[in-house]
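The structure appears right after this line, and notes come after that.
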Amino acid sequence: MTSPLSRSRSRRATSHIAVRVAHAVLGGLLAVGWLLLPVARAGADEVRAAPGRGGTSTGDLVLPLVAVVAAGALAAYSYARRTRRARTRTTPGGGTPHPVPFAELDRQAGRLLVGIDDCVRTGTEELGWAAAQFGEEAVATCTEALAFARSELTASFRLWQRLDDTRTDDSLVRRQLLEEIVTRCTEAGRRLDAEAPGFDLLRALERTLPAALESAEARFRELTARTPAAEATLTELRERYAPSASLSVAGNVEQAKDRLVFATTRLDRARRSLDRGEGARATAHLRAAEAAVDQAALFMAGIDRLACELTATTALLPGALRDADAELVAARGLPAVGALPGRITHAASAVADVRREITGGVRPYDPLGALRRLVAAGAPLLAEDRVPVDRTFLDRAFFDHVLLPARSVVALASEFVTTHRGAVGVEARTRLSEAERHLALTPRTLLDVRRADGLALEAQQLAERDVRTYGNPYAGPEGAGVGGAVLGGILLDDTPDAPAASFGGPRTRGRRGLGA
């Protein structure tokens, strides 16, 4: 993309050329006038020498003619220039003679959103390693750049969501929104690109590579030792709850192992490169290993987090049922007008189904799914215009019931996008960003939490669809976890010497290491 600086230079260059042309035309006409001046004077002398002759001589007309021609030439040039500007101008401050076609602008905005989101996720991972090694103060400028990029990205995703929500046919409005997305993402990328050299100098991996390598190897060994416990936890979840309860983390152990296999290979290559004195190559391998270790940790943490959430929800459900019963009693005490009777009937049926499911003891159930169904049943009743004595208590209890499943699915979707970002597209990322934004609002309302829950569920479904379309990365010939590393955005492609994604923007994230 052409920078504003180069565009302004181009416009200034065009303006300067136009001024030079005008000066040349005017100078030429004045020169012609100067050459014809003696002729004019001679004609005037003849007139004075022959007083009896009447009329006007040719010399008298030369200077006025020259002036008229000069004025006409300048007027014609100015008119042509104004006409050309009017045809090409697209904005009040000027424009481009060839605006980007709308379809291409749409694709460009989508690619930038995905690309900058990848940069932010990669930067967050690598910044964590640097902060652990050098401290938060040492990486302060990089942290600020990442925060700026994340803020611009959030605003851009919000604009993209607006495009999806409004479905406006106004091409001018859509173009303006897309152009703002492109501008924001471009600025975010430039800020990250600007910090990339300083980040490399900070880490100076070639000089501190032995210590960094030992740290990554220690983290790798820790996660490898945790793998059996993660497998046992997942097996317990499958036995205690319905299949839907653990479906979201069903493949986490296998994928964690795949990332650890990849990390093993890259750590070994980093060690061998270091022994040969190839610091830049060792750095690149270490970056890839660190990212793989981070993703393996995410997969295992997802299993542990879900186990805690299911336990907490199981303990919460009896109280949630009591609150739902109280909500129904309050609703039945209101005048039966409008849609209220139908809402009461639907809510009562849902509450009865959940009660049978969790108290029957016949088969395992999904606690988070049951709580979400209670929330969906009771939410319409809260919309009714009534203020019973226990209204505040019921609203607060209902809010807590909504918050737990919303937080769970937002975290799940975020981890899925992070560990599958090589395949996940702009729609899933947009829904996730909006879900996170609604969940982080202050003050946070019941509507915000329910909106976050719905958006995160949609994000998860869209991301899983993208991965299915991408295909199975573990069935390819690459081996050593390369397919999974590409799927996870750790490697930027699956070539034998593929670069690892690094802290930076679109121009610098594919660099192969300091000094490479």
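Source: prediction; values computed, not measured.
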Would you tell me whether Arg158 and Thr430 have side-chain atoms, one donor and one acceptor, within less than 3.5 Å of each other?
-> no
Name all residues meeting the salt bridge (Lys or Arg N to Asp or Glu O under 4.0 Å) criterion together with Arg421; count only those two or more places apart in sequence or in a different chain, and write none if there are none.
-> Glu125
Are Glu180 and Gln176 close enough that a side-chain donor and a side-chain acceptor fall under 3.5 Å?
-> no
Residues in side-chain contact (heavy atoms from CB on, under 4.5 Å) with Asp453, at least two apart?
-> Arg372, Pro405, Ala406, Val409, Leu457
Using 4.0 Å as the upper bound for N to carboxylate O, is an ion pair formed by Glu427 and Arg431?
-> no
For Glu217, which residues count as a side chain to side chain donor-acceptor pair (under 3.5 Å) partner, sequence neighbours excluded?
-> Arg271
Name all residues meeting the ring-ring contact (aromatic ring centres under 6.0 Å, His included) criterion together with Tyr241; count only those two or more places apart in sequence or in a different chain, and write none if there are none.
-> none
Could I get the full list of salt bridge (Lys or Arg N to Asp or Glu O under 4.0 Å) partners for Asp118, not counting sequence neighbours?
-> Arg429
For Arg450, what residues pass the salt bridge (Lys or Arg N to Asp or Glu O under 4.0 Å) criterion, not counting sequence neighbours?
-> none
With sequence neighbours excluded, tell me which residues meet side chain to side chain donor-acceptor pair (under 3.5 Å) with Thr311.
-> none
Looking at residues at least two apart in the chain, or sitting in another chain, which of them share a side-chain contact (heavy atoms from CB on, under 4.5 Å) with Thr508?
-> Asp193, Ala196, Arg511
Glu436 meets the salt bridge (Lys or Arg N to Asp or Glu O under 4.0 Å) criterion, sequence neighbours left out, with none
Would you kindly say whether Gln255 and His420 are connected by a side-chain donor-acceptor distance under 3.5 Å?
-> yes
Only counting residues at least two apart or in another chain, list the ones meeting ring-ring contact (aromatic ring centres under 6.0 Å, His included) with Phe157.
-> none
side-chain contact (heavy atoms from CB on, under 4.5 Å) against Ala428, all qualifying residues, sequence neighbours excluded = Val424, Leu462, Ala463, Asp466
Give a yes-or-no answer on whether the side chains of Thr265 and Asp268 include a donor-acceptor pair shorter than 3.5 Å.
-> no
List in chain and number order the residues that pass side-chain contact (heavy atoms from CB on, under 4.5 Å) with Ala131, two or more places apart in sequence or in another chain; answer none if no residue qualifies.
-> Glu136, Val139
